[in-house]
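Working notes for the structure below.
Just so you know, these numbers use all the heavy atoms, side chains as well, and skip hydrogens, waters and symmetry mates. Numbered from 1 within each chain, the chains take letters A, B, ... in sequence-line order.
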Number of protein chains: 2
Amino acid sequence: MRPLEISKREEEYLEAMYILHKNKGVIRVKDIAKMMKVKPPSVVDALKKLAEKGLVEYEKYDRILLTEEGKRIAEETYSKHLLLTRFFTDILGIPPEIAEHDACQFEHYVSKITVERIREFAQFIQEECPYVLKQFLKGKLEEKGKE
Amino acid sequence: MRPLEISKREEEYLEAMYILHKNKGVIRVKDIAKMMKVKPPSVVDALKKLAEKGLVEYEKYDRILLTEEGKRIAEETYSKHLLLTRFFTDILGIPPEIAEHDACQFEHYVSKITVERIREFAQFIQEECPYVLKQFLKGKLEEKGKE
DNA sequence: AAACATTTTTTGGGTAGCCTAATCAGGTGA
DNA sequence: TCACCTGATTAGGCTACCCAAAAAATGTTT
């Protein structure tokens, strides 16, 4: 079995399904469509392709599940998402909505090395010199009310 | 101002043309193709669309130029590119090729706020506590040829 | 169970972006 | 001048991703 190609968009679908499963237990076409900001027919298209690639268990009108491999990819992507979002909010002081938006795109492109380095950097700053961070963030976080 | 929509890919074409113009003075289809890693016909397609949107001056077999608006967009994108690349290399200690790769994607998605905040953060760290940075980067910059 | 409501799927079609192969334009050397 | 070479363009076609409208299945209510 050769290395299957997965597009950025498919990665997003997997991530959406993963989050739905985690939060609601059930994965429905309607909800995927809402999260992905597309219409249901587009979701069905995506599901068929992902099923062919062995990333999703899908039979029409039946329940939708991620396979082990699909789940692995989704988790990997989602963990990048969380890390990037935290970095943007906690280190750079970006408002949550913007941080979310930026992370949501970058997570699909960022290299492993950069992810790891961001993790190390955030940890280093927060543990070794939290006061430096506090000083930088002063006046930045409260633009949205309170800290 | 028309409500023209510009795709990420078109932004990349503009940026490539901007860099070619800056470095070689002339913008040729062949060189754009090489930079964009596509074949010449794809470049011609892109040029036609960009010309329709008023971002490029293009008449077939004639010289290619960015319009003022095209140049403005390209410069804006390119400045994000430079900033992100510098951030990845100088603050996070990412190897140049990886930094380039990551910046090259993120530049098309990153919000203005995040760009500005990254600029401020880099400046803050480098000016106010360069020793902290030095400490973090110790041992990271020389790890070349690893994956 | 029948009627209605909701969800999912199919059908048919559209756009963006890329390609190969063939053709066209312009410069250059015999 | 003409034959050749390179670069640019057109023609035709492909895949990914999206949509609206209609049809099919499922869920719900009475």
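- In this structure, NZ on B:K71 lies 11.0 Å from NZ on B:K22, to the nearest 0.5 angstrom.
- Checked against the 6.0 Å centroid threshold, A:F136 and B:F121 count as a close aromatic pair.
- Contact of the A:D102 side chain with the A:I94 side chain is not registered, since no non-hydrogen atoms from C-beta on lie closer than 4.5 Å.
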With the criterion being N/O to N/O and under 3.5 Å, what pairs connect the protein with nucleotides 16-19 of chain D, and how long is each?
{"unit_1": "D:dC17", "atom_1": "OP1", "unit_2": "A:S7", "atom_2": "OG", "d": "2.6"}
{"unit_1": "D:dC18", "atom_1": "OP1", "unit_2": "A:R9", "atom_2": "NE", "d": "2.6"}
{"unit_1": "D:dC18", "atom_1": "OP1", "unit_2": "A:R9", "atom_2": "NH2", "d": "2.6"}
{"unit_1": "D:dC18", "atom_1": "OP2", "unit_2": "A:Y13", "atom_2": "OH", "d": "2.8"}
{"unit_1": "D:dC18", "atom_1": "N4", "unit_2": "A:D45", "atom_2": "OD2", "d": "3.3"}
{"unit_1": "D:dC19", "atom_1": "OP2", "unit_2": "A:K39", "atom_2": "N", "d": "2.7"}
{"unit_1": "D:dC19", "atom_1": "OP2", "unit_2": "A:S42", "atom_2": "OG", "d": "2.9"}

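- One N or O on the side chain of B:E10 and one on the backbone of B:S7 form a donor-acceptor pair closer than 3.5 Å.
- Rounded to the nearest 0.5 angstrom, B:K53 NZ and B:E69 CD are separated by 12.0 Å.
- Distance alone, capped at 3.5 Å, places no donor-acceptor pair between the A:T114 side chain and the A:V110 backbone.
- With rounding to the nearest 0.5 angstrom, the CG atom of B:L137 is 9.5 Å from the OG1 atom of B:T89.
- Nucleotide D:dA8 holds its C1' atom 10 Å from the NZ atom of B:K48, rounded to whole Å.
- Using a 3.5 Å distance cut-off with no hydrogens or angles, the side chains of B:Q105 and A:H108 do not pair a donor with an acceptor.
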Interface polar pairs with nucleotides 23-25 of chain D, N/O, under 3.5 angstrom:
none

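- Summarising the geometry of A:A74 relative to A:L66, their closest heavy-atom pair is CB-CD1, 4.2 Å, with the distance given to 0.1 Å.
- Rounded to whole Å, atom C1' of D:dG7 lies 14 Å from atom CG of B:D62.
- The NE2 atom of B:H81 lies 14.5 Å from the CD atom of B:E75; values are rounded to the nearest 0.5 Å.
- Put simply, chain B comes within 4.0 Å of DNA chain C, heavy atom to any atom, from C:dA16 to C:dA25, going 5' to 3'.
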